[in-house]
Colleague: 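Quick one: the structure is below, questions incoming.
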Amino acid sequence: MALLEVKDVTVHFRTKRGEVQALDRVSFALERGEALGLVGESGCGKTTLALTIMRLLAENARILGGHIWFKGTDLLALPEEAMRHVRWKGISMVFQAAMNALNPVYRVGDQIVEAILTHEPKVTVREARERVAELFRLVGLDPKRMDHYPHEFSGGMRQRAVIAMALACHPDVILADEPTTALDVIIQDRILHRLDEIRKQLNMSIIYISHDIAVIAEVADTVGVMYAGKLVEIGPTEAIFRRPHHPYTEGLMGAFPSVRGPKRELATIPGEPPNLLNPPSGCRFHPRCPYATARCKAEEPPLVPFEVGHLAACWHPRNA
Amino acid sequence: MWKFLIRRVLQIVLTLYLFATIVFFIVYLQPGDISQVYINNPKLPPEAREALKRQLGLDQPPHIQYLNFMRNLVTGNLGISFSEYPRPVWDIIKERLPRTVALFLIATLIYYALGFHLGKLIAWRRKGLLDYSATIVGVVLFTVYTPWFAYLIIWIFGYKLGWFPLGKFLDPVLWRRYDVPANEVFGLMLTVGGAAILFLLAVYVLGRKLHLPPLPRALMNFGALGLAGGSVAYLLWGPEFQPYGLLARDILWHMVLPVTTVTLIAFGGAMLLMRDSMLEVIKEDYVLAAKAKGLPDKVVRDKHAARNALLPMITSFVLALAFVVDGGIITETVFSWKGMGLTLLDAVTNEDLPLAVGTFVFTGIFALIAHLIADIAYAYLDPRIRYE
Amino acid sequence: MAVPAPPLKKPPKGRHLEAPWRARLRLLRRGLAGSWGMFWESRIGPLGLFIIAFYGLLALAHPILMATVWADERDVYDPKHGYDPQIIYGGFDGRLQSTVAPGSDDYYVDANGDGRPDYIYAGWDGVLQSKAVGDDKYRGGPAPPSLRHWLGTDPWGRDVFSQLAFSARAEFFLGVMAALITVVIGTLVAAISAYYGGFVDTFFMRLADVVLLFPVIAFLIVLGSMFQLNLYSLAVVLGVINGFGGITIVLKSQALSIKVRPFVEAAKVAGGSHMHIIVRHIIPNLLPLSFLYMMFNVTSAIFSEAVLSFFGILNIDMSWGIMVQMANIAGYLQGGAITKAWWIFFPASISITLLCAAFYFVGRGLDEIVNPRLRKV
């Protein structure tokens, strides 16, 4: 049994202009120690998915169906109090724009101590502080810094602190939502590698969420591609990069420059991502797809395996 | 933090200077010389008229008048009142200012605490019926016609229910029996109250500084609260301290309704401010992060959201200050509470220029000091300023 | 992989390009329609609008009533000088009727209808005096609401409803006038301080600090003792004071954010003069927020007038505040008397409260549309 299994999760948002269909029957599984990368344009539902797993969606969100099995229990059926214990102890999160994920009026160390004491009431303040010092060393921060306030940290240091916070209760899964987007490339790289090392060291699972396929390529074992609230392709990183099946994945590869590969023209995907208030019929990608046929417009393609562990939702798969 | 505070103090001194200058221009430099009206006031005794002329320096050129005005202000030489001739204005202000400060201080503490907590609660459960009705009640309390509202309160609690006296600062029948000046008792009350608040504050800050776990800290805070409350009660009821305790109780008794009135009219605004501020903070990532950490809902609300929402509330305290001072004037008038507001109104109706100017300037100074205290509180609560 | 873009649609022939003002109007209309939806959903805004409409109708009704229903009895219903000889001395239970003894300054009242006078009301020099012939069970005073006087009469026998409706017009005038002055000054000062910065900015911001701390009522009490403040001068004074106050701080920070927007840069590069940029680019973008603060200033102006009238500082002969002040002078606000003639000050007090709240409600409703910090979501 997988550590975390998301099954047919559908989420809508109620807004003034109508119902936004943010996630549509998304399914995937995550094994212990695995690093899954979720990639897609902004607004495709990546963050919504992370918040659904944590059950932290805004009030106007409705989960219309599906299950999220975590260690054999369905998180979507858990009472709020039990869910509270899963948060951080079972699944923790590195926030998008980590700059703002630290409360400006409390010391950084105290904010991590707070998380530890909430989930492990038997730990004393002193022990918790020792653990924070250890975590600081682990992510490459000076432990003396734990009594500083967030505004005294640089962007990179804050990011490290937020990662340290995510590790505080030894979670099984970490959801890293754009963990390094706001940082410059060198620090980005350093932090990603550190996180990857820590994952291997502690045998945790991580879901990386990013719009930057280069980041995902570097650290993920498995890659899931999302488009307009749907998971359109998922498979081993190698396979996804070498033999993408879904035309969108193919376009995505073309849209990102590669330093290592041969030089080529940077292609773009024409058109705009669809409005989720009223998504296209059939395959949601068909209005932008160069290979689209009448069938794509009429019928929705299911997510089916083309090779072992490599699934795609497309009527006209490439490289198959 | 010191840099911030020094800058604020300098700014406030500058503001005060501007304020005094504006007062000077309004009072002394009117075309046709407005002060003549007061000099020729038939109610004025002749010797006072001479003194006033000298004090106003009306024969001097304007810039000398201005310098004199400023010098007099700085040295506290505000002249002689002629509605309460021959008492110096400074003397009257010394008597009346503490009464206003006490009224204002107690009401402020209560309405801020109430507004903070209720605003927090309604924001946390926003968009419900509670939010809608609380907003309407808040606005109506904020805009309620204060004199009418104050008379209604007197009628309900003073007349109909008979729980509290119908206004005035003290009960003259009771005080005639003891030959104790009211100001002495009131001064003692302020000292004791101030000491108790400082003591509680010191204990609270000490508890934070020591990094104690929550339980001992709560015990310490409650212990201090009990100790302070017990001491105050002993001072009020203890046989050794009579008749002072009795008389102090009488003043407190008379204070309840005016304090309630100021609290109620200012409370609506504070609650709405807290609600709006809280609604903005709730959108911040660190609140989501606090929820994600698995903290109980109450901890997220109180420790993470409300603590940050408090900051803009202190800033807006400064904005609300003038409003509360104005409300205080109305309340003092309706309750015949002889503080700065009623003194100002009386001075104006009796055409007592020195007293009116003195009271007005000191109302301004009072507001400025409250402003400064708000600044200090802000600097203390916001580490971004504290550790600059 | 690129799909060729569809050919651009040419504008239909025979139609001229839309005039700029027409395009602007169309955009404005579309913007207003969207904003109206949001305003309506705030629920609190429409409530305020409803109350304002109610008092607006009341204000309009007064001259109409004076010209039609009350036309024959203008002396009775005049808000300032009217009195009703028929029921001046209505008792508290509404039963008492007065008869006027001819050729006398005194009024005799037959309370029990036995044809003999029971009370003598000696003339009226301000407050009515009554002398009882038999016992003194009844005292003279205002008449309670009746069909003839919907909200009763005040101690001087004037119709309260007429006063209320008559004053509504003055309250609207004062509130809107003062708020307009405030907004014009505030917007100009904010745009200028934000655009030029430096000394001008420092000066206006410090001035705003002083004004913010000014207890306006206390200040106007002092001012009112020296000058005769009537409705017009009060509107100007309130408008000017508030115009240099907190509104400039809020609008300035908004103007600062406008100043750095690309179109202002573009206008500068294109060689627009300072005046041109301030008037054509900064101020139009400040106006929505200015309009919002105008609502709050209407509230504050009406409230200030009511309080100052209550203190008897103003030189105004009729307003809601004056109505309450007169009830107070006549002793109908103190202690137990408050229930005896509630109709002479309750309508006015409630009207002040409601109209002030109404403009505040509208302001809060607009806040959700206009305010940049709330609009983020």
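Computation of the quantities below employed the complete heavy-atom set of this structure, encompassing side-chain atoms and omitting hydrogens, waters and symmetry-equivalent molecules. Within every chain, numbering begins at 1; the chains are lettered A, B, ... in the order of the sequence lines, protein sequences first and strands thereafter. Just so we're clear, the structure is a prediction, and the values are computed from it rather than from any experiment.
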Colleague: Using a 4.5 angstrom heavy-atom cutoff, name the option from B:Val334, B:Thr363, B:Thr146 with the most pairs to chain C.
Modeller: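 Answer, by heavy-atom pair count under 4.5 Å with chain C: B:Thr146.
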Colleague: Are B:Trp148 and C:Phe346 near enough that their ring centres are under 6.0 Å apart?
Modeller: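 Yes, they do, as the ring centres are separated by less than 6.0 Å.
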Colleague: Taking side chain as C-beta onward, heavy atoms only, is B:Ile136 less than 4.5 Å from C:Phe361?
Modeller: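 Yes, close enough: below the 4.5 Å cut-off.
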Colleague: Applying salt bridge (charged side-chain N to carboxylate O under 4.0 Å, His left out), run through C:Arg364 and B:Asp276 and close with a yes or a no.
Modeller: CA-CA 11 Å; C:Arg364 281 186 74 91; B:Asp276 297 349; 2.9 Å; yes
Colleague: Counting only non-hydrogen atoms closer than 4.5 Å, does B:Ile12 touch chain C with its backbone (N, CA, C, O), its side chain (CB onward), both, or neither?
Modeller: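 No part of it gets close to chain C.
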Colleague: Using 0.5 Å steps for rounding, measure from the CG atom of B:Asp326 to the CD1 atom of C:Ile221.
Modeller: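 One finds 8.0 Å between CG of B:Asp326 and CD1 of C:Ile221.
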Colleague: Should B:Val140 and C:Thr353 be marked as a side-chain contact (heavy atoms from CB on, under 4.5 Å) after you check the CA-CA gap, both sets of side-chain angles, and the distance that decides it?
Modeller: CA-CA 7 Å; B:Val140 170; C:Thr353 307; 4.0 Å; yes
Colleague: For chain B, find its close neighbours in residues 237-248 of chain C: heavy-atom separation under 4.5 Å, sorted by number, or none.
Modeller: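 At a heavy-atom separation under 4.5 Å, chain B is reached by no residue of residues 237-248 of chain C.
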Colleague: Kindly compute the distance separating OG1 (B:Thr143) from CZ (C:Phe296), expressed to the nearest 0.5 Å.
Modeller: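 Interatomic distance, B:Thr143 OG1 to C:Phe296 CZ, rounded to 0.5 Å: 12.0 Å.
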Colleague: Which region of C:Phe219, side chain (C-beta onward) or backbone (N, CA, C, O), has a non-hydrogen atom less than 4.5 Å from a non-hydrogen atom of chain B, or is it both or neither?
Modeller: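 When you check distances to chain B, atoms from both the backbone and side chain of C:Phe219 fall under 4.5 Å.
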Colleague: For C:Ile302, is it the side chain, the backbone, both or neither that has a heavy atom under 4.5 Å from a heavy atom of chain B?
Modeller: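 Neither part; nothing is under 4.5 Å.
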Colleague: Examine whether an atom of B:Thr333 lies under 4.5 Å from a heavy atom of chain C, and if so say whether it belongs to the side chain, the backbone or both; otherwise answer neither.
Modeller: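 Just its side chain gets close to chain C.
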Colleague: Measuring heavy-atom distances to chain B, does C:Thr299 have an atom under 4.5 Å in its side chain, in its backbone, in both, or in neither?
Modeller: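 It is the side chain, since no backbone atom gets that close.
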Colleague: Does any part of the side chain of B:Tyr151, heavy atoms only, come nearer than 4.5 Å to the side chain of C:Asn328, both counted from C-beta?
Modeller: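 C:Asn328 reaches B:Tyr151 side chain to side chain.
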Colleague: Considering only heavy atoms, which portion of C:Val324 lies under 4.5 Å from any heavy atom of chain B: side chain, backbone, both, or neither?
Modeller: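 The answer is the side chain of C:Val324.
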Colleague: With a 4.5 angstrom heavy-atom cut-off, which part of B:Phe19 approaches chain C: side chain, backbone, both or neither?
Modeller: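 Its backbone and side chain both get close to chain C.
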Colleague: What distance separates B:Ile330 CD1 from C:Ile217 CD1, expressed to the nearest 0.5 Å?
Modeller: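 Going from the CD1 atom of B:Ile330 to the CD1 atom of C:Ile217 covers 5.5 Å.
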Colleague: Rounded to the nearest 0.5 Å, how far does CG of B:Leu14 lie from CG of C:Asp209?
Modeller: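 Interatomic distance, C:Asp209 CG to B:Leu14 CG, rounded to 0.5 Å: 9.0 Å.
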Colleague: So for C:Leu47, is it side chain, backbone, both, or neither that comes closer than 4.5 Å to the heavy atoms of chain B?
Modeller: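 C:Leu47 touches chain B through side-chain heavy atoms alone.
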Colleague: Look at B:Thr15, B:Leu368, B:Leu152, B:Thr359 and state which one has the largest set of heavy-atom pairs under 4.5 Å with chain C.
Modeller: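 Ranked by heavy-atom pairs under 4.5 Å with chain C, first place is B:Thr15.
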Colleague: How far apart are the C-alpha atoms of B:Ile329 and C:Phe311, what are their side-chain angles, what is the distance that settles it, and do they pass the side-chain contact (heavy atoms from CB on, under 4.5 Å) test?
Modeller: CA-CA 10 Å; B:Ile329 294 175; C:Phe311 287 147; 4.1 Å; yes
Colleague: Under a 4.5 Å heavy-atom cutoff, which of B:Leu344, B:Leu345, B:Leu16 has the most pairs with chain C?
Modeller: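 The option with the most such pairs is B:Leu345.
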Colleague: Assign the ring pair C:Phe310 / B:Tyr145 to parallel, tilted or perpendicular, where the plane angle (0 to 90°) is split at 30° and 60°.
Modeller: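 Aromatic pair C:Phe310/B:Tyr145 classed perpendicular.
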